[in-house]
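A, B, ... follow the sequence lines: proteins, then strands. Residue 1 opens every chain. Computed from a predicted structure; not experimentally measured.
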Amino acid sequence: MGKKLNGRDLINLGFPKNNSINIALGQIHRYRKKEKKEAILAEAKEVLLSPDKFKSHGTWGKLAEGLIAPVVVRKQELEQTRAPFSIFGENEIDAVAKSQLFNALKLPVATKGALMPDAHSGYGLPIGGVLATDNAVIPYGVGVDIGCRMSLSVFNLPASYLKGKTDFLKGILSDHTKFGMKEVHAKKMDHEIFSRVEFKDIPLVKGLLDKAYAQLGTSGGGNHFVEFGVVDILEEVPASKLPKGSYLGVLSHSGSRGLGANIAKHYTYLATKQCPLPKNVQHLAWLDLDTHDGQEYWMAMNLAGDYAKACHDNIHYRIAKALGKHVALTIENHHNFAWKEMVDGKECVVHRKGATPAAEGQLGIIPGSMTAPGYIVRGKGNVDSLQSASHGAGRVFSRAKCKSNFTKSDMKKILKTNDVHLLGGGVDEAPMAYKNIETVMKLQEELVDVLGTFTPKIVRMSK
DNA sequence: ATGTAC
């Protein structure tokens with residue numbers, strides 16, 4: 001219960017006075033609250049003696065780096081000119097989303113950018129925005145829900161199965177999917193991801209292990225869903241044995257839950273501390289990939305992405321088991337993530353915040369809405385879009401506007417017209433909230449080929 | 001998006 005550790009304590013030990021001390025204190029007070037001050041100070045002494053050993057340490061990494069070589073925090077200014085960019089479906093995109101991209105293109109680390117036809121304004125980088133940077137990663141360029149993704153399982157069962165077994169399938173969704181802030185599976189399942197070294201090596205991530213374990217195979221809230229529907233395979237899908245035709249499928253949309261949200265929050269905090277930017281672009285603060293924090297974010301982000309996949313795999317495993325069928329074909333992709341990719345002959349960090357990777361031949365799934373089909377797509381590797389496509393139809397009405405514009409009975413009516421059963425869900429996710437997906441697909445014909453569609457029939461969302 | 005706002 002001693003006095004709270006402060007900067008003076010660290011300076012007295014012999015640490016140089018600079019911003020690294022504040023960053024270390026931030027880490028200690030956030031994530032190591034329960035530990036004794038004496039124990040932390042003892043560890044701090046070891047850092048002073050052998051900083052090399054702590055170079056990639058969650059609490060001390062930044063201070064250790066400062067001891068080995070001075071770390072300079074400098075105020076970053078925007079460039080006068082923009083990095084090159086392309087906008088797909090310009091007439092469908094609001095002015096705010098465009099100006100957000102334009103600001104991002106003026107970052108000194110920006111090399112190239114693009115807007116997808118479903119783009120709309122976001123926090124930092126717009127949703128539907130793609131940004132390439134030089135050796136820097138922008139936590140808000142990935143977004144809060146790291147590894148938010150789609151996963152489609154196709155079963156070798158005729159689409160007519162949906163009509164005959166509606167109640168059975170509704171029951172499967174009720175029993176085997178978990179939504180909202182509180183629901184978790186009663187029967188926990190282990191997964192190899194929980195033995196990943198990131199859970200040992202990164203203090204923040206270590207503290208999130210229990211939550212991640214509890215939330216495996218859950219979907220969360222907002223626009224996340226799990227739905228049964230009709231898969232129409234229109235063109236031969238590479239590496240698939242399923243002939244063209246109509247099948248039963250399950251499509252899921254969700255991300256990395258509390259694990260990713262906390263990782264995003266933490267590294268955004270570090271980025272804004274170390275990379276002060278003009279106020280209007282504060283959220284675009286980046287981490288240099290050569291620094292301790294940059295490398296650590298990269299590892300944590302990849303873990304969150306793999307965890308998001310593990311959650312989808314778990315959801316589909318549970319559903320397939322309840323259905324008593326093997327999955328015949330899987331199509332999946334992240335749409336909130338960053339990758340190291342070649343851009344115009346140079347390796348860059350490509351951030352896709354609400355954008356589907358669409359390298360040549362790459363398969364992906366772009367959802368429509370509850371009452372409009374999603375599309376199974378194959379990327380064309382268009383370099384102007386940074387090999388990307390939209391991640392959906394894109395919103396036209398905000399959640400708040402939906403609540404004032406639409407009623408429950410509006411929603412019931414449109415669901416009934418389209419023969420869609422909805423479990424949970426609210427007017428803020430009404431089909432009318434979204435752009436016409438067919439228009440959006442037309443605007444990205446240069447980006448992807450369509451191999452098939454997925455039409456939702458039984459949808460479950462958070463209440 | 002997230003046990004919803006350092």
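- One can place CG of A:D145 at 10 Å from P of B:dG3, the figure rounded to the nearest angstrom.
- Atom P of nucleotide B:dG3 and atom CG of A:L259 are separated by 11 Å, given to the nearest angstrom.
- Counting only N and O atoms by type, the side chains of A:H224 and A:S219 include no donor and acceptor under 3.5 Å apart.
- Rounded to an integer number of Å, the gap from OH of A:Y140 to C1' of B:dT2 is 10 Å.
- Within 4.0 Å (heavy atoms only), A:G221 reaches sugar-phosphate atoms of the nucleic acid but no base atom.
- Taking the centre of each ring, A:H253 and A:H391 stay at or above the 6.0 Å mark.
- Between the NE2 atom of A:H283 and the C1' atom of B:dA5 there is a distance of 12 Å, given to the nearest Å.
- Using a 30° and 60° split on the angle between ring planes, A:H191 and A:F194 fall in the perpendicular class, above 60°.
- In this structure, the CG atom of A:D210 is 15 Å from the C1' atom of B:dG3, given to the nearest Å.
- Atom P of nucleotide B:dA5 and atom CG of A:N262 are separated by 11 Å, given to the nearest angstrom.
- The distance from atom CG of A:L173 to atom CE of A:M461, rounded to the nearest 0.5 Å, is 12.5 Å.
- Distances shorter than 4.0 Å separate none of the side-chain N or O atoms of A:Q215 from OP1 or OP2 on B:dT2.
- At a threshold of 4.0 angstrom between heavy atoms, the contacts of A:G255 with the nucleic acid are absent.
- For the pair A:R399 CZ and B:dT2 P, the interatomic distance rounds to 10 Å; values are reported in whole Å.
- In this structure, the NE2 atom of A:H224 is 6 Å from the P atom of B:dT2, given to the nearest Å.
- Proximity of A:K211 to the phosphate of B:dG3: a side-chain N or O atom is located under 4.0 Å from OP1 or OP2.
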